[in-house]
Amino acid sequence: MQEKYSFSEIEPKWQKRWLEEKAWRAEEHSEKPKFYALAMFPYPSGNLHIGHVRNYSIVDVIARFKRMQGYNVLHPIGWDAFGLPAENAAIKNQTPPAEWTWKNIANMKRQLQSMGISYDWEREVATCHPGYYKWTQWIFLEFYKHGLVYKKKAAVNWCPSCATVLANEQVVDGACERCETPVTKKDLEQWFFKITDYADVLLDDLNKLEGWPEKVKAMQRNWIGRSEGVETEFGIEGREERIKVYTTRIDTIFGVTYLVLAPEHPLVQELVANSKFEQPVMAFMDKMKGLNEIARTSTEVEKEGLFIGKYCINPLSGKRIPIWIANYVLVDYGTGAVMGVPAHDERDFAFATKYNLPIPMVILPPGMDAAAKDKPLAAAFTEEGTMVNSGEFDGLDNDTAWDQIADALEKRGLGERKVNFRLRDWLISRQRYWGAAIPMVYCEHCGTVPVPEKDLPVLLPEDVVFKAGENPLTTSESFVHTTCPTCGAPAHRETDTMDTFMCSSWYYLRYTDPRNEEEPFSHEAVDPWMNVDQYVGGVEHAILHLLYSRFFTKALRDFGFLKVDEPFQNLLTQGMVCMDGSKMSKSKGNVVSPEEIINRFGADTARIFILFAAPPERDLEWSEQGVEGCYRFLNRIWRLAAQYEATLKGKKTPPLDPGSLDTEGKAMRRQTHLTIQRVTNDVGQRFNFNTAISAIMELVNALYLYKEKPEANPAVAKEALEHILVLLAPFAPHITEEIWAGLGHAQSIHAQEWPSLDEAALTQDEITIVLQVNGKVRERIQVPAEISAAELEKQIRTLPKIHEWTQGKEIIKVVTVPGKLVNLVVR
RNA sequence: GCCGAAGUGGCGGAACUGGCAGACGCACGGGACUUAAAAUCCCGCGGGAGUUAAAUCCCGUACCGGUUCGAUUCCGGUCUUCGGCACCA
């Protein structure tokens, strides 16, 4: 072994060898239990950033640990390679998106390999490769076949800067998730995936996901937004039509004093036609049209409405009720019509107050005198109470009345119980080039025709013009013009491509069968591996990617392609990497380049630091000095090993004889085995890599002290050193491999079995007992480990210190925790 | 407003099932080695009282209260920070 730790020589050497030996290949047929470890695959932006380093280091430790524990591990990587930046680069530099993307992939692959992550590179996939997107298109058609894809004209989210539509999930605070440009509404005919068909099961099955963070599940529940209510009908005075209203508070129906339609509600125009209300209503609607969703529906925005001159009839009370339109009612939730109950809804209360509408109480707050039931309320009462002013339902508690009213409406055919979701169908069309083309053809005779499977993939053409604000695919003559697959007549292709989240919704399945040319994946390949045992990634995908992937898995299971109905058994959402207290970002100028860190300190140091500085799910504060500290730690191990090797050169370490050790030898061995116990638990059960590393640091510190002792036993030292290396191997794979070889081992350290602990080494002859008086520590004593409680108590009473604290007092109780402490309760 | 997470030294963090608060690392201080510095190795390092030095004692895990022999840990309440959702009828 060299005297100096030279990571720049060691790391590339082993990386090359591991790659050549295909050291991390997942076995296709194996007797071993399987373990599927997965990090969210990266978008090939061109450079690895520090968040990637964290993500992949975490998964690599898990993968390496599981391999050493005897699992057949699948640990793949690939590229989420479609997307807008490639196209923007194309506009800017006049290079084709494919070229830009593949160049970026090559660079990031080089960077990834310099980190020494144990990927099975033979399974690498890129979503922009025709061999991959062929199957994305195939899956689209499968969903189409099963009636889960439809085309619909709707007011959709439009990002003017990206020149494309967006899914609801991609609109954050009214702005484009990618570029933060405010999103506007546009009426367009677009392709949708019917994720709402799966709303219920996507919600229910969250309860099965015990290995997911509560936070992510809560976010998904929130997003899906299930509510139980009643849909009822209000007749319109003087007309045949009825207005459907959805409410979760059917118990308050006797308190309705107005009804509000969304301005876009189809009945509005008809109702005001040829009346004096037509003009103002049209003006109001025009005003609403110009506003995006946030400007219209944020809680900050004042409620604004307009009476439209018509009345409807309350189905239960028969009362005549004015019809309004208002900004806060959305056309695409529920029925687009809301009953206004000002007394028992805060929003309605504000609206009614503003427009001087009556606010009659129908639920009496508990404790309030019934005589006050017609007095005005100071604020909306939204809690439980007793029914008043509600005809036959008076006197019931409102909970019971809820069901009785629902029953009554159902019996009379005036309404029915209904479940509503906040979740909307997934808009997957994008007016962009760099994505998987939607495999559809429009024929004058046959209408909309799916591209037959044999004609897949629909390749992206190269004769396109990239210009800002325009879908490049429409400029490709060769692409647009085609023939109808059914009748052979001239036809044109769909020029929209798919949302890239389509591509990333099934990539974890493709890894199990990455080169299959007959199908996206075979049962034989996918069934043994799925589902993913441990998935790790950023929480920013809590809804988008994770919800879509769950949807895909469930649908593909229903189509018969999968046996599992959830893709990710366990999920870990890692925290952000911060510097100076805020997230690293180019705009803040607080970015650290992983490549630079690896060049200066080596991959092992970078990995150790990022795993040591904080537990994985928490945000991590970058510290240059912290990195140096980790570099020192690795150097410390190197010197320890180098020194050990030098002193023992030519000599053979005698075999370890645990029975003949002195006290210090026993203590050293005990610490070695305690460390095995701690690291195994921290890595395997808790993912607390920071404490695992600190345990190894402690063992290193202890060995430094032990080896200097004149009576130090070489076999004990060797055992400690070798365990330091093996335990550290998943964290710092290069240095441990190099030292391991230097110590004369022929086989790779990564092929070693994970150490099991020697229980006998943990036993102690003497233990420390903490003595408390009234819960305060007053003394510690050394006693034989197997001392009896009675004997211990006897000894304690003779101690001067204890005597002092109990003197003149009565010992009323003695609490003994075996092997740990004794607490004397005195008075 | 609703939901979720967190609050511990100068800093990052530890304390696993209620049992020695502050492991480990950083920063800082002292010593050894060196002509010297760096590197390295060893020791110290929450606050206060006390003392030549120590022993020792008191306080201390956001705040207030409770349960308990004993609470960073459990319960109730308050405050602060971060994240998500937010006129969803």
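Quick note on labels: first sequence line is chain A, next is B, and so on, each numbered from 1. What's counted below: heavy atoms across the whole structure, side chains too, no hydrogens, waters or symmetry copies.
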Could you go over nucleotides 46-50 of chain B and give all protein N or O partners under 3.5 Å, atom names and distances?
none

Heavy-atom protein contacts under 4.0 Å, nucleotides 4-15 of chain B, coded B base, S sugar-phosphate only, - none:
S-------BSSS
Touch check for A:K776, heavy atoms < 4.0 angstrom, all strands: base, sugar-phosphate only, or nothing?
sugar-phosphate
Answer with base, sugar-phosphate or nothing: what part of the nucleic acid does A:N681 contact at a heavy-atom distance below 4.0 Å?
base
What nitrogen or oxygen pairs link the protein and nucleotides 26-29 of chain B at under 3.5 Å?
residue: B:C26; atom: OP1; partner: A:R632; partner atom: NE; Å: 3.2
residue: B:C26; atom: OP1; partner: A:R632; partner atom: NH2; Å: 2.9
residue: B:A27; atom: OP2; partner: A:R632; partner atom: NH2; Å: 3.3

What pairs meet the side-chain hydrogen bond (donor to acceptor under 3.5 Å, both in side chains) rule with one or both residues in residues 223-232 of chain A, with sequence neighbours excluded?
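Residue pairs passing side-chain hydrogen bond (donor to acceptor under 3.5 Å, both in side chains), neighbours aside: A:E169-A:W223, A:D200-A:R226, A:R226-A:E228, A:S227-A:Y246, A:S227-A:Y333, A:E231-A:K418.
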side-chain hydrogen bond (donor to acceptor under 3.5 Å, both in side chains) pairs, two or more places apart, involving residues 614-627 of chain A:
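As it turns out, the side-chain hydrogen bond (donor to acceptor under 3.5 Å, both in side chains) pairs with a partner in residues 614-627 of chain A, which skip direct neighbours, are A:R600-A:E624.
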In chain order, what residues pass the side chain to side chain contact (heavy atoms under 4.5 Å, CB included) check against A:E233, with sequence neighbours excluded?
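For A:E233, the residues satisfying side chain to side chain contact (heavy atoms under 4.5 Å, CB included) (neighbours in sequence not counted) are A:R242, A:K244.
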Listed by chain and number, what are the side chain to side chain contact (heavy atoms under 4.5 Å, CB included) partners of A:W212, not counting sequence neighbours?
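By the side chain to side chain contact (heavy atoms under 4.5 Å, CB included) rule, A:W212 matches A:L209, A:V216, A:K217, A:Q220, A:L546, A:R550, A:F568, A:L571.
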Identify all side-chain donor-acceptor contacts of residues 810-820 of chain A below 3.5 Å with residues at least two apart in sequence or on another chain.
none

Distance check needed: B:C42 P versus A:K709 NZ, whole Å only.
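Value for this atom pair: 11 Å.
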Pairwise N/O distances under 3.5 Å, protein to nucleotides 66-70 of chain B:
residue: B:C69; atom: OP1; partner: A:K813; partner atom: NZ; Å: 3.4
residue: B:C69; atom: O2'; partner: A:N823; partner atom: ND2; Å: 3.4
residue: B:C69; atom: O2; partner: A:N823; partner atom: ND2; Å: 2.4

A:R678, A:Q685, A:R686 screened by side chain to side chain donor-acceptor pair (under 3.5 Å) with A:D682, the one that passes:
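Considering A:R678, A:Q685, A:R686, a side chain to side chain donor-acceptor pair (under 3.5 Å) with A:D682 is found only for A:R686.
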Once you measure the plane-to-plane angle for A:F687 and A:F689, does it fall in the parallel (<30°), tilted (30-60°) or perpendicular (>60°) bin?
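Taking A:F689 first and then A:F687, their aromatic rings sit tilted (interplane angle of 30° to 60°).
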Short N/O separations, protein against nucleotides 72-77 of chain B, under 3.5 angstrom:
none

Provide the full list of salt bridge (Lys or Arg N to Asp or Glu O under 4.0 Å) pairs with a residue in residues 248-263 of chain A, sequence neighbours left out, each pair given once.
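Sorted result for residues 248-263 of chain A: A:R249-A:D251.
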What would the secondary structure line of RNA chain B be in dot-bracket form, counting Watson-Crick and G-U wobble pairs under 3.5 Å, with [ ] for pairs that cross earlier ones and | for pairs with another strand?
(((((((..(((......[....))).(((((.......))))).((((......))))..(((((..]....))))))))))))....
